[in-house]
Amino acid sequence: MKTNFINIKSCFANVIRPLGGVQWFVAILIIVSAWVFAPPSVLAKLKEDQIVPEASNARLGGDKQRTRFVVDISSSIGYAVYVLPDPYRVIIDLPEVNFQLPPGQGTSGRGLVTGYRYGLFSPGRSRIVIDTSAPVLIQKSLVIPAKNKKPARLVVDIVKTDKKTFFKNRKSQLQTQSGMAKLARIPIPVPKPRGTIIPGFNKKSDRVSKKRAKKTIIIDPGHGGIDSGAVDPRGVQDKKIVLSVARILKKILMKTGRYHVLMTREDDTFIPLRKRVEFARRNDGDLFISIHADTVNRSYVRGTTLYTLSEKASDAEAAALARKENRSDIIAGVDLGRENDVVTDILIDLVLRETKNHSIFFAQTVVKGLKGVTKINKKPHRFAGFAVLKAPDIPSVLIELGFLSNGQDARLLSSLNWRRKISRSVAKSIDKYFKS
Ligand SMILES: [Zn+2]
């Protein structure tokens with residue numbers, strides 16, 4: 001259904017192409033201001049009517065001193081471009097763009113660029129993240145309008161600099177066009193997937209009575225949008241598998257009538273890690289389940305693994321995995337320097353002991369349930385410092401469904417039947433957990 005939707009939109013993009021630059025400017029201004037001020041229902045409607053420009057190709061030119069990045073877009077669009085440190089990156093923020101670049105684009109680099117990623121960053125907002133091998137500054141950026149059947153081009157020129165100059169100039173590096181200055185400065189909207197607002201949620205009495213009646217399960221499909229997560233050699237993406245499993249699990253749980261089920265993302269949108277935790281807390285979750293799939297260098301490693309939070313990792317592999325998963329925000333170009341709020345400041349040791357014990361008990365229940373249902377990892381329950389498991393008051397686990405780097409696991413992960421099987425088993429474990 002999603003594909004059809006995009007096709008329809010790109011048809012519109014073709015029809016509308018003859019529009020002039022001024023009209024586009026006005027259109028983008030309207031979209032941006034509507035997006036900032038509109039209530040969610042209007043926003044959803046607007047999103048359906050909105051014309052989404054299509055990015056068809058991108059290329060790199062230049063050398064290790066000066067590198068040019070060019071992306072072809074069906075029409076001129078506004079943008080904001082700036083730089084980030086740790087690691088050094090160039091971020092290009094755009095209104096929503098339908099990326100249709102040839103497969104494999106961005107996996108290799110040239111000049112100062114080691115590679116780039118692109119995708120939806122938050123509703124109505126797309127992003128390109130360019131990794132650089134050294135600190136860089138933006139020399140020039142512009143949009144060349146479409147002309148003579150040639151698409152519009154967004155051009156960004158970067159030049160090599162030293163660390164000192166980078167940090168001195170990074171704040172003044174923001175370059176924008178067509179009203180995107182505003183867009184670049186407004187905070188990332190908190191994702192509110194449809195139907196997630198629990199009426200009267202703020203009233204303590206309601207919360208208590210709701211708690212007695214129904215438990216709230218927060219399902220967190222990992223990655224999304226610009227962050228694909230693990231990708232297997234055949235191009236199967238972690239973010240798609242985990243969203244599919246999350247949807248199946250949600251359906252099964254809803255059918256029981258015993259649970260409120262909310263998902264941190266309902267579509268292919270990127271959600272920062274701390275926003276996932278905030279979402280769970282805001283919605284008064286009773287249990288938080290983050291779903292992932294992984295790849296490792298050793299292709300023989302396989303099986304489902306459950307992770308819970310711990311300051312000290314249970315083993316080197318668990319530590320490495322947590323490091324990898326915690327990089328999600330960096331991959332998506334989130335400026336961690338600007339993102340220090342309550343949740344990120346919560347230290348692992350502040351996590352209530354009770355929450356920790358409940359998390360461990362739930363993880364063990366799931367592992368027990370999975371025996372005989374699917375292949376589980378040799379060490380099926382491990383501990384590490386996953387950022388997404390840091391809600392101090394909600395028992396939280398992370399399920400690594402399996403390894404895309406293992407042929408047998410990859411086959412299971414691609415099977416709808418297997419996804420149903422594992423979801424039914426997890427749902428049973430949720431029942432058991434709340435019964436005891
Ligand atoms: Zn993952």
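Residue numbers start at 1 and run along the sequence shown.
Donor-acceptor pairing under 3.5 Å is lacking for the side chains of Asn406 and Arg298. Asp227 and Ser328 share a side-chain donor-acceptor pair at under 3.5 Å. Inspection of the Gln237 and His223 side chains reveals no N or O donor paired with an N or O acceptor under 3.5 Å. Side-chain atoms of Tyr118 and Ser126 include no donor-acceptor pair closer than 3.5 Å.
Considering all non-hydrogen atoms of both residues, Ala391 and Ser396 come closest at CB-OG, 4.4 Å. When every heavy atom of Thr304 is checked against every heavy atom of Leu401, the shortest pair comes out as OG1-O, 2.7 Å. Of all the heavy atoms in Ile330 and Asp86, the pair that sits closest is CD1-O, 4.3 Å.
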* To do: Just do the salt bridge (charged side-chain N to carboxylate O under 4.0 Å, His left out) check on Asp329 and Arg274 with the steps written out, would you?
  => CA-CA 9 Å; Asp329 289 355; Arg274 72 194 179 92; 5.9 Å; no
* Is there a side chain to side chain contact (heavy atoms under 4.5 Å, CB included) between Phe386 and Leu321 once you walk through the steps? -> CA-CA 9 Å; Phe386 292 91; Leu321 183 75; 3.8 Å; yes
* Start with the C-alpha gap between Leu404 and Ile241, add the side-chain angles, then the distance that decides, and say whether side chain to side chain contact (heavy atoms under 4.5 Å, CB included) holds. => CA-CA 10 Å; Leu404 283 165; Ile241 295 167; 3.7 Å; yes
* To do: Might you work through the salt bridge (charged side-chain N to carboxylate O under 4.0 Å, His left out) test for Arg247 and Glu266, ending with a clear yes or no?
  => CA-CA 8 Å; Arg247 282 178 178 149; Glu266 305 256 4; 5.8 Å; no
* **Derivation and outcome, side chain to side chain contact (heavy atoms under 4.5 Å, CB included), residues Lys324 and Arg327** => CA-CA 5 Å; Lys324 202 154 87 182; Arg327 278 181 58 83; 5.6 Å; no
* With side chain to side chain contact (heavy atoms under 4.5 Å, CB included) as the test, would you mind laying out the steps for Arg117 and Ile331 before giving the verdict? => CA-CA 8 Å; Arg117 304 173 282 287; Ile331 286 167; 3.3 Å; yes
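Checked for salt-bridge contact, Lys239 and Asp268 meet the test: a charged N lies under 4.0 Å from a carboxylate O. With respect to the salt-bridge test (charged N to carboxylate O, under 4.0 angstrom), the residues Lys375 and Asp409 do not qualify. Note on Arg127 versus Asp93: salt bridge recorded, some NZ/NE/NH1/NH2 to OD/OE distance being below 4.0 Å.
A donor-acceptor pair under 3.5 Å is absent between the side-chain atoms of Asp131 and the main chain of Tyr88, judged by distance alone. Although no hydrogens or angles enter the test, the distance criterion places no donor-acceptor pair under 3.5 Å between the side chain of Ser415 and the main chain of Arg411. Panel note: side chain Asn377, backbone Thr305; no donor-acceptor pair is recorded below 3.5 Å. For the pair Asp238 (side chain) and His292 (backbone), a donor-acceptor distance under 3.5 Å is absent. Thr365 places a side-chain N or O within donor-acceptor distance of the main-chain N or O of Phe361, the cut-off being under 3.5 Å. Counting only distance, with no hydrogens or angles, the side chain of Arg265 and the backbone of Asp267 share a donor-acceptor pair below 3.5 Å. Remark: side-chain polar atoms of Ser405 are paired, donor with acceptor, to backbone N or O of Val296 under 3.5 angstrom. Between the side chain of Thr355 and the main chain of Pro392, a donor-acceptor pair closer than 3.5 Å is present. Not a single donor-acceptor pair under 3.5 Å links the side chain of Arg281 to the backbone N or O of Val277. The closest donor-acceptor contact from the side chain of Gln105 to the backbone of Ala58 lies under 3.5 Å.
Under the salt bridge (charged side-chain N to carboxylate O under 4.0 Å, His left out) criterion, the residue pairs touching residues 417-436 are Arg258-Asp431, with sequence neighbours excluded.
Judged as a ring-ring contact (aromatic ring centres under 6.0 Å, His included), and not counting sequence neighbours, the contacts of Phe69 are Tyr116. Take His381 and apply the ring-ring contact (aromatic ring centres under 6.0 Å, His included) test, not counting sequence neighbours, and it matches Phe383.
Here CD1 of Ile217 is found 6.5 Å from CG of Asp286. Values are rounded to the nearest 0.5 Å. To the nearest 0.5 Å, atom CD1 of residue Ile128 and atom CD1 of residue Ile92 are 4.5 Å apart. Interatomic distance, OG of Ser141 versus OH of Tyr82, reported as 13.0 Å (0.5 Å rounding). One distance of note links OG1 of Thr216 with CG of Asn283; it measures 7.5 Å at 0.5 Å rounding. Taking OG1 of Thr295 as the reference point, atom CD of Glu400 lies at 9.0 Å (rounded to 0.5 Å). Expressed to the nearest 0.5 Å, how far CG of Asp220 lies from OG of Ser290 amounts to 3.5 Å.
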